[in-house]
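So the structure is just underneath, and the comments pick up after that.
Since we're looking at a predicted model, the values are computed, not measured. Numbered from 1 within each chain, the chains take letters A, B, ... in sequence-line order.
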There are 2 protein chains.
Amino acid sequence: MLKISKKADYALMALQHIAAVQFGDVTPGRVVNTKEIAEEYNIPLELLAKVLQTLAKHALIESHNGPKGGYLLARRAHQITIAQILESIEGPLGITDCSHEKDGELCMQRENCHIRTPLLKVQDSIAQLLNNMTLQDMMGGTPLITIQSPAAQGVER
Amino acid sequence: MLKISKKADYALMALQHIAAVQFGDVTPGRVVNTKEIAEEYNIPLELLAKVLQTLAKHALIESHNGPKGGYLLARRAHQITIAQILESIEGPLGITDCSHEKDGELCMQRENCHIRTPLLKVQDSIAQLLNNMTLQDMMGGTPLITIQSPAAQGVER
DNA sequence: CTTAGTACGACCTTATTGATCGGAGATCAT
DNA sequence: ATGATCTCCGATCAATAAGGTCGTACTAAG
């Protein structure tokens, strides 16, 4: 519980990989295709493809068609937050059902519910945490590259 | 998707209610039965019953059988953390699948996975948050319960 | 115009969650 | 004791979401 989905997991791995290739020392600027990532991390190819398409639709990466095609980060790693990634894949994140309910459908226990307010506070804390963490912060012990980032916080390297 | 389940929601509501009755001004020390809570918050009776049984099994509340029976908080509100409640209902909480995997089954992408460590940090932060918040903290502006259902009981105690 | 790649939508399978049912056991009033 | 209420507990069902697959169309490089 309080668990992120596999698709979101895959998205994080893929983005980490793309970032590592793109800004790494070996072949910087190279595009990365779906198959390469799928094989590297043992992710089902078709599923990963859909995840990447979703990320592209949300403008976190950009796709290039045809042979020699593949994906590139749309922005730099420190400009992509973990929250953005998760929300691209799983929709707006909310601890509780009544977090962002439209006018029409409000939950049955709303009138007497005393736990909504405190729960929303918890949610805010988590959202804040995820919004302050970027893809850059996940680029710790990558074998491909050694990023010298002064601003990477909270991740051991 | 980082969401807590309905059962966990129900658990929180129920505990908040029990605490409010038990330590409130109106009828302090009174036991609370399943039906009362279910009706107050429009929760399916049978489902709530199971939630309460689970909470009792984890020693967060204690049950009293027979007529005039019901539930009582096993400890005081500030000694019950939100983390304890959630874990009672949904098992050990972990952001990612590989959080607490047994020796045998480790995830397919483990060897090349670069996101595990940073994710565990996120998880720790959330766990810390939930461990530092108690039931007491959810008892903010509780309008004290005003139930005097005929089915409930007489005036004594 | 062929080939290697993404794009996209429909579909299937499985796991989790939410909810229900039927009794067994406990307790209290009478 | 006995019956009326309660909780307890296991089994089960239904709904929904998650994970994964398939087929085809579209695009660009050689």
Measure [atom1]/[X] against [atom2]/[N] and give the value in whole Å, please.
| X | N | atom1 | atom2 | result |
| --- | --- | --- | --- | --- |
| B:His58 | D:dC9 | NE2 | P | 13 Å |
| B:Ile89 | C:dA19 | CD1 | P | 14 Å |
| B:Leu47 | D:dA15 | CG | P | 16 Å |
| B:Lys3 | D:dA18 | NZ | C1' | 12 Å |
| A:Ile43 | D:dG19 | CD1 | C1' | 13 Å |
| B:Ile4 | C:dT17 | CD1 | P | 12 Å |
| B:Leu45 | C:dG18 | CG | C1' | 15 Å |
| B:Glu36 | D:dC6 | CD | C1' | 14 Å |

Do you know the tightest heavy-atom contact between [X] and [Y]?
| X | Y | result |
| --- | --- | --- |
| B:Ala59 | B:Ala74 | O-CB, 3.5 Å |
| B:Asn112 | A:Tyr41 | O-CE2, 3.3 Å |
| B:Ala77 | B:Phe23 | N-CE1, 4.3 Å |

Report yes if at least one side-chain N or O of B:Tyr10 is closer than 4.0 Å to OP1 or OP2 of C:dA19; otherwise report no.
yes

What is the per-nucleotide protein-contact pattern of nucleotides 4-15 of chain C, from the 5' end, where B denotes a base atom under 4.0 Å from a protein heavy atom, S denotes such proximity for sugar-phosphate atoms only, and - denotes neither?
BSSBB-B-----

Which nucleotide, C:dT20, C:dT17, D:dT21, lies nearest any side-chain atom of B:Pro44?
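Within the option list, the nearest is C:dT20.
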
If hydrophobic clusters are built by linking Ile, Leu, Val, Met, Phe, Trp and Tyr wherever their side-chain heavy atoms come under 4.5 Å apart, do A:Leu45 and A:Ile43 end up in the same one?
no

Step by step, would you call A:His17 with A:Glu36 a side chain to side chain donor-acceptor pair (under 3.5 Å)?
CA-CA 10 Å; A:His17 183 89; A:Glu36 172 181 334; 3.0 Å; yes

A:Arg76, CZ atom: more than 12 neighbouring heavy atoms under 6.0 Å
no

